[in-house]
Amino acid sequence: MTIATTPCSTRKLPVEYRGRLMIMAHDVCYPSDTRLFNEGGRADHFWIIESGTVALDMRVPGRRAAVIETLGAGELLGWSWLYEPHVWRFGARTVGPVRAHEFDAEAVRRMCETDPEMGRSIALWVGEAVVRRLNAARTRLLDLYAPYGSGARG
């Protein structure tokens, strides 16, 4: 198993917790154009992408869903599983074939409850993904719908 060092990579977790988390993973493969979850659905799993690309999207009233970010190898897919009410804030679809490590969210939450220091480490790791995704959503939506865009592009 090779996981690239990216902003959301498990390499941000202490080695002990990373190992305990990865023991809980099972490998999955999805073909191209597979809907992994929908905004508003129950967030009961999460993934670390091993290979391939996943597009995150967001419903926009009166328009097609807007792709807000694409994720690749080594990145965390899904953060809504950690925070109540455990409902997806975005949707996700595979862009091409994807291989990933899948985790049962409830089992990981239970493990974090029994080891508060691991829970803290997981929360900080997932929190980085939350901040990154929300910033990406804001920038993308401004680029798409604001009169002058986000101003983030050169």
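Along the sequence shown, residues carry numbers from 1. Given the structure is predicted, the values throughout are model-derived calculations rather than measurements.
Separation of atoms SG (C29) and CD (E50) is listed at 8.0 Å; rounding is to 0.5 Å. Atom CG of N38 sits about 7.5 Å away from atom CZ of R59, to the nearest 0.5 Å. Distance check, rounded to the nearest 0.5 Å: CD1 of I48 to CG of L21 gives 5.5 Å. In this structure, the separation between CD1 on I23 and CZ on R18 is 12.5 Å, given to the nearest 0.5 Å.
Ring geometry for W79 against F90 counts as perpendicular: the plane angle is over 60°, on a 0 to 90° scale with 30° as the lower cut. In this structure, F46 and W125 have perpendicular ring planes: the angle between them is above 60°, well past the 30° mark.
Residue M118 is not grouped with residue L124 when hydrophobic side chains (ILVMFWY) are merged at heavy-atom distances under 4.5 angstrom, including chains of intermediate members. In the hydrophobic clustering of ILVMFWY residues, with side-chain heavy atoms under 4.5 Å counting as a link, M58 and W81 come out together. Under the 4.5 Å side-chain contact rule for hydrophobic residues, Y83 and V131 do not share a cluster. Hydrophobic clustering, with ILVMFWY side chains joined whenever heavy atoms are under 4.5 angstrom apart, groups M22 together with Y17. In this structure, L13 is a member of the same hydrophobic cluster as L82, with clusters built from ILVMFWY side-chain heavy atoms closer than 4.5 Å.
There is a side-chain donor-acceptor pair under 3.5 Å between H101 and D27. Side-chain contact annotation: E39 with W88, donor-acceptor N/O pair under 3.5 Å absent.
Comment: D104 does not engage R109 in a salt bridge, judged by the lack of any side-chain N to carboxylate O separation of less than 4.0 angstrom. By the 4.0 Å N-to-carboxylate-O rule, D115 lies close enough to R20 to be salt-bridged with it.
Considering all non-hydrogen atoms of both residues, V60 and A66 come closest at CG2-CB, 3.9 Å. Residues C112 and G119 share a closest heavy-atom pair of CB-CA, 3.5 Å.
Qualifying side chain to side chain contact (heavy atoms under 4.5 Å, CB included) partners for T34, counting only residues two or more places apart in sequence or in other chains: Y30, P31, L36, T94. Here E117 pairs with R120 under the salt bridge (charged side-chain N to carboxylate O under 4.0 Å, His left out) rule; sequence neighbours left out. Partners of R110 according to the side chain to side chain contact (heavy atoms under 4.5 Å, CB included) rule, which considers only residues two or more places apart in sequence or in another chain, are E106, A107.
The distance between the ring centers of W47 and F37 falls below 6.0 angstrom.
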Stepwise, does the salt bridge (Lys or Arg N to Asp or Glu O under 4.0 Å) test hold for D57 with R93?
-> CA-CA 8 Å; D57 57 36; R93 179 181 303 279; 5.2 Å; no
Derivation of the salt bridge (Lys or Arg N to Asp or Glu O under 4.0 Å) call for E75 and R132 | CA-CA 11 Å; E75 291 194 86; R132 189 163 162 253; 2.5 Å; yes
Go through the steps for T53 and L71 under the test side chain to side chain contact (heavy atoms under 4.5 Å, CB included), then give the verdict.
-> CA-CA 6 Å; T53 305; L71 307 177; over 6 Å; no
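Between the side chain of R89 and the backbone N or O of V87 there is at least one donor-acceptor pair closer than 3.5 Å. Remark: side-chain polar atoms of S80 are not paired, donor with acceptor, to backbone N or O of H86 under 3.5 angstrom.
By the 4.5 Å heavy-atom criterion applied to side chains, L56 and T70 are not counted as neighbours. Contact check for V108 versus M24: side-chain heavy atoms found under the 4.5 Å cut-off.
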